[in-house]
Amino acid sequence: MTTRRALRFSSIALPPGGHLAAWRHPSVQPDAGLDLAAVAAYARRIEEAGFSALFVADVAAVRGEHLDSLSRTTQASSFEPLTLLSALATLTERIGLVATATTSFNEPFHVARRLASLDHISGGRAGWNVDTSVVPREAGGFVRNEPDVHEERYERAEDFLRIVRELWDSYADDAIVADKRSGLYFRPGGRRPVGHAGTHFRVAGPLNVSRPPQGHPVIFQAASTPTGIAFAGRQADVVLAAARSIGDACAYRARLDGALVAAGRAPRSVQVWPGLSPIVASSEDEAAKRRDELQDLLHDDTPLPAVPDDTGGLLVVGTPEQVADRIAEWYEAGAADGFTVRFPLIPADADPFLDEVLPILARRGLFAPPEGATLRDFLGLSRPRRSAA
Ligand SMILES: Cc1cc2nc3c(=O)[nH]c(=O)nc-3n(C[C@H](O)[C@H](O)[C@H](O)COP(=O)(O)O)c2cc1C
């Protein structure tokens, strides 16, 4: 009998927190999200506690049409994910670094090159959250106007992923010999072009970065529609689910399993990480008071959170034991292999979760800090072999 892998946790919120009004809370530095030292301190904190990944969400555009409400949130100014994570790679040692990058407004070569570089810089800790730009106004920042048709975006994404993987396989794992004596830096036979011609791209390659330490950085995706789930079934290693109940999450898993089988992959071979927003306090009353305190800081006309900030998932308010119980329930029902945690307020909501909830889960055998050196190791994923030419 195989034992089930312990739960994995990743953080999707950066300081000062995932709640729209977090920046106004008396306990935080309001512009912490634009302060590398503050973000790095948070990354090291969750790394120390045993989180597997720091996830940087992104929209490649200025968000929101309503300037009045936008001007009351931190959303209009944030760091580009791969740039931020390259800096964090040098300030952390054993946490996965997952960058969101869109397939609709990038070229495969750019994304393959940046992620391969991040994987080298971080010693194999890079991940890619593939998004196809659900937010139409992303087109506003770019010369090319991609047809805003869901199916076509996924067609392009499919092509995009195939090319990115081929680019990562440009070099054999042992192509770089760096032999001072013979003067040979890389084996010419250890490198090959891509030569892809399809509907959306014509890419000759090869990539100008050697094969990433993980072979391929880990692929994350947040699918919800049938087209998105079919895509995840073919392409993803981990899926971020917006499920709000155990029933939702199990139904989601069943749909994903269907997509996996259709793609010739084993059911359950892709991990499902629903969202989780925990508010932990010593009593239920105190936890509820903390939640209300943040809600009260919302300006009257602050908008409902827009994608990707409304990442759905499980909102749990309670004592450490109560929060651990809810998480255990999801795990035991097979509703989650991990969670994408969105702390409403950082560090106030992160501290009790990391210091109290995780140890309870560890004592119950549901959580253990990840082992190994690479993000693939942390998640129990094997390293892909270089494809045959
Ligand atoms: C945990 C989570 C994280 C997400 N992160 C992003 C993001 O960084 N950028 C973005 O544009 N959308 C993000 N989304 C939104 C998804 O792209 C959106 O749910 C989309 O509708 C899923 O794909 P589909 O509708 O094409 O199937 C996220 C969703 C979830 C659940």
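Counting starts at 1 for both ligands and their atoms, in listed order. These figures come from a predicted structure and were not determined experimentally. Numbers here are sequence positions counted from 1.
- Per-residue contacts place Tyr154 under 4.0 angstrom from the following atoms of ligand 1 (heavy atoms of the residue considered): 23 (O), 24 (P), 26 (O), 27 (O).
- Using a 4.0 Å cut-off between a side-chain N of Lys or Arg and a carboxylate O of Asp or Glu, Arg364 and Asp325 qualify as a salt bridge.
- Using a 4.0 Å heavy-atom cutoff, Phe231 is absent from the residues neighbouring ligand 1.
- The distance from ligand 1 to the heavy atoms of Ile12 drops below 4.0 Å at these ligand atoms: 1 (C), 3 (C).
- Heavy atoms of Thr225 found under 4.0 angstrom from ligand 1 belong to the backbone as well as the side chain.
- The salt bridge (charged side-chain N to carboxylate O under 4.0 Å, His left out) pairs that include a residue from residues 252-267 are Arg253-Asp337, where partners are two or more places apart or lie in different chains.
- Listed by number with element, the atoms of ligand 1 under 4.0 angstrom from any heavy atom of Gly228 are 27 (O).
- Those atoms of ligand 1 with a heavy atom of His150 less than 4.0 angstrom away are 24 (P), 25 (O), 26 (O).
- The minimum heavy-atom distance between Gly338 and Leu7, with the atom names listed, is N-CD2, 3.8 Å.
- Here salt bridge (charged side-chain N to carboxylate O under 4.0 Å, His left out) pairs that include residues 370-382, with residues two or more places apart or in two chains, are Asp237-Arg376.
- Proximity to Ala57 (heavy-atom distance under 4.0 Å) selects the following atoms of ligand 1: 8 (O).
- Salt-bridge check for Asp159 with Arg156: failed, with every basic side-chain N at 4.0 Å or more from each acidic carboxylate O.
- With respect to the salt-bridge test (charged N to carboxylate O, under 4.0 angstrom), the residues Arg94 and Glu48 qualify.
- Shortest non-hydrogen contact noted between Thr74 and Pro30 is CG2-O, 4.2 Å.
- Not a single heavy atom of Gln221 sits closer than 4.0 Å to an atom of ligand 1.
- Residue Ser224 approaches ligand 1 through these ligand atoms, each under 4.0 Å from one of its heavy atoms: 21 (O), 22 (C), 23 (O), 24 (P), 25 (O), 27 (O).
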